Participant: 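Take a look at this one; I'll ask things after.
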Amino acid sequence: MSETTDMTAAGSGTYATTYADGHDLYEDRDDLLQPPLQYRFDGPDDAPVVVLGPALGATWHMWDRQLPVLTGTWRVLRYELPGHGGAPAEPAASVDDLARRLLAVLDDEGIDSFGYAGCGLGAAVGARLALLRPDRVAALALVSAAARYATADTWRQRGVVVRANGLERTAQATPERWFTEAFLATQPAITEWAVQMVGTTDTACYVAACEALAAFDIRESLGGITVPTLVVAGADDTETPPADARMLVAGIPDARLAVVPATGHLAPVEEPAAVGDLLARHFDTAWDRTVPSAPFAPAPPPVPPRPPALPSGAPAAPDRYAEGLRIRRELVGDAEVDAAQARAEGFGAGFDAFATRFGWGEVWTRPGLDRRTRSFLTLSVLTALGRLGDLADHTRAALRNGLTPAEIEEALLHTAVYCGLPAAQAAVDAARPVIEQETASD
């Protein structure tokens with residue numbers, strides 16, 4: 001049974017923390033208990049529902065100035081990302097996990113069909129909802145969005161930085177990523193609000209969201225978004241530039257593009273009137289022409305591609321090389337893997353493929369130990385063997401597996417007792433530049 005705790009705020013709207021039986025996006029599981037998701041309503045109780053999804057590091061207040069134009073026609077549901085704005089700190093493992101939690105809220109409130117507008121990470125949630133539940137999304141607006149946000153390495157490194165240093169430095173750097181220089185120069189109060197908002201986010205939830213964005217990639221699935229879609233881009237957005245918006249429009253059938261001049265990444269805050277008018281016109285015109293979709297048939301995850309099934313019902317053998325290459329890139333980084341493969345072209349290519357398949361695809365995928373433990377073991381063994389080049393790569397992997405610089409130093413200190421001080425000192429010297437590079441402020 002669903003359990004809902006309602007808290008009436010002093011202002012408008014109703015706040016709620018919900019624990020609800022959810023619908024899994026890939027299989028029917030009636031017994032799945034959802035982690036809490038905090039949300040609120042504004043607008044008429046009997047109006048059709050529009051959901052507004054926030055960007056990473058932002059709270060539902062980023063949409064405050066769109067409410068006057070939207071709540072005259074729609075009932076607006078805003079939700080908090082986990083650990084944001086005082087919401088329960090229950091990290092989400094993926095974008096689909098966030099989508100599933102939101103569907104649990106909508107189910108609990110008896111909302112079947114809804115419009116959706118999201119910014120940044122909130123837009124990623126909306127895109128997955130449109131792919132996986134087109135029968136429920138009446139119209140979609142993707143603000144400051146992309147089919148793939150930057151690179152996986154970018155997000156994994158940001159997660160390493162936050163895990164190692166906390167959110168203070170990332171929070172201080174956020175306004176420059178979100179807003180144009182002209183806006184920053186004239187709006188010091190909003191700049192400070194942005195720093196405070198990011199700085200008070202739960203660190204573990206922020207890191208988990210970075211990992212979710214690292215894995216998000218719908219470039220091959222854009223043609224499956226069949227709901228009426230508006231893509232909104234800030235002309236001066238450096239995080240999701242207009243080129244990302246054009247890729248979305250080129251791939252989504254009948255999608256429309258709107259570029260807001262002289263605007264950065266957090267367009268709903270920097271140009272609230274323009275964004276509000278665009279959303280109001282889109283939902284007003286798109287809602288009536290939405291044709292109900294066929295019964296729900298979930299789309300497969302866009303990445304990684306599944307190998308073809310074997311004949312006669314036999315289970316498909318895993319592609320250990322592809323899995324090993326994926327894990328190797330996740331942990332060591334694209335640049336390092338590309339450089340290693342370039343060095344191995346011709347003579348050595350077969351050995352590189354063997355190492356990828358056996359070491360990364362066979363051993364690192366075994367369920368007996370978690371990745372953190374494997375990183376501890378690997379650093380210790382490489383220290384004992386004096387393999388300092390490999391140790392540098394695995395220091396980067398250890399950081400991405402969740403080890404902190406302090407834990408890595410403690411592990412190397414521990415090896416000094418058994419491997420000798422010179423070996424451990426050499427390992428410390430090899431690990432130091434990697435840690436400084438990976439944990440430098442982004």
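Just so it is clear, the structure is predicted and the values come from calculations on it, not from any experiment. All values below were derived from every heavy atom in this structure, side-chain atoms included, with hydrogens, water molecules and symmetry-related copies excluded.
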Participant: Is any side-chain heavy atom of Phe283 less than 4.5 Å from a side-chain heavy atom of Leu278?
Facilitator: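 Sidechains of Leu278 and Phe283: no contact.
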Participant: Would you say Arg177 and Thr238 make side-chain contact, with heavy atoms under 4.5 Å?
Facilitator: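 When only atoms from C-beta onward are counted, Thr238 and Arg177 do not touch, as no gap falls below 4.5 Å.
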Participant: Are there more than 12 heavy atoms of other residues, nucleotides or ligands under 6.0 Å from atom CD of Glu90?
Facilitator: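 Yes, enclosed.
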Participant: Establish, from distance only, whether the side-chain atoms of Thr151 and Thr154 form a donor-acceptor pair under 3.5 Å.
Facilitator: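 Thr154 and Thr151 do have a side-chain donor-acceptor pair below 3.5 Å.
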Participant: If you count the non-hydrogen atoms of other residues, nucleotides and ligands that lie under 6.0 Å from CZ in Arg65, is the total more than 12?
Facilitator: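 No.
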Participant: With distance as the sole test, does His84 use its side chain to make a donor-acceptor pair with the main-chain N or O of Pro82 at under 3.5 Å?
Facilitator: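 Here the side-chain-to-backbone pair exists.
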Participant: Can a donor-acceptor pair be found between the side chains of Asp236 and Thr180 at a distance below 3.5 Å?
Facilitator: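 Result is no, nothing qualifies.
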Participant: In the structure I gave you, are the side-chain heavy atoms of Leu279 and Trp63 within less than 4.5 Å of one another anywhere?
Facilitator: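 Heavy-atom side-chain distance check passes, below 4.5 Å.
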Participant: Distance alone, cut at 3.5 Å: any donor-acceptor contact between the side chains of Thr240 and His265?
Facilitator: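 Yes, side-chain donor-acceptor contact under 3.5 Å.
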Participant: Return yes if some donor-acceptor pair links the side-chain N/O of Trp178 with the main-chain N/O of Asp237 below 3.5 Å, else return no.
Facilitator: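 Checked: no pair found.
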Participant: Should we say atom CD of Glu176 is surrounded by more than 12 heavy atoms from elsewhere, each under 6.0 Å from it?
Facilitator: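 No - once you tally the heavy atoms of other residues, nucleotides and ligands closer than 6.0 Å, there are 12 at most.
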Participant: For the residue pair Thr356 and Arg328, confirm or rule out a side-chain donor-acceptor distance under 3.5 Å.
Facilitator: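 Looking only at side-chain atoms, Arg328 and Thr356 do form a donor-acceptor pair, the distance falling under 3.5 Å.
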Participant: Measure from NZ or CZ of Arg320 to the centre of the six-membered ring of Phe358 and say whether it is under 6.0 Å with the direction within 45° of the ring axis.
Facilitator: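 The answer is no, since Arg320 fails at least one limit relative to Phe358.
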Participant: Determine the minimum heavy-atom distance between Ala411 and Phe376, stating which atoms define it.
Facilitator: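 Residues Ala411 and Phe376, closest heavy atoms: CB-CD2, 3.8 Å.
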Participant: I'd like to know if the side chain of Gln172 pairs up with that of Glu168 as donor and acceptor (distance under 3.5 Å, no hydrogens or angles considered).
Facilitator: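 Short answer, no.
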Participant: I'd like to know if Asp112 and Arg133 make a salt bridge, using a cut-off of under 4.0 Å between side-chain N and carboxylate O.
Facilitator: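 The answer is no: the pair does not qualify as a salt bridge.
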Participant: Show the nearest heavy-atom pair for residues Leu167 and Thr201, with the distance to one decimal.
Facilitator: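 Reported closest heavy-atom pair: CD1-O, 3.2 Å.
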Participant: Does a side chain donor of either Tyr149 or Glu239 reach within less than 3.5 Å of an acceptor in the other side chain?
Facilitator: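 Side chains of Tyr149 and Glu239: no pair found under 3.5 Å.
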Participant: Should the pair Asp338-Arg329 be classified as a salt bridge under the 4.0 Å nitrogen-to-oxygen rule?
Facilitator: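 So Asp338 pairs with Arg329 through a salt bridge.
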Participant: For the pair Glu409 (side chain) and Ala406 (backbone), establish whether a donor and an acceptor sit closer than 3.5 Å, ignoring hydrogens and angles.
Facilitator: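 No, Glu409 side chain to Ala406 backbone: no donor-acceptor pair under 3.5 Å.
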Participant: How long is the straight-line distance from CD1 of Ile252 back to CG of Leu140, given to the nearest 0.5 Å?
Facilitator: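 Here the rounded value is 7.0 Å.
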Participant: Would the Trp360 and His394 ring centres measure less than 6.0 Å apart?
Facilitator: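 Aromatic pair counts; centres sit under 6.0 Å.
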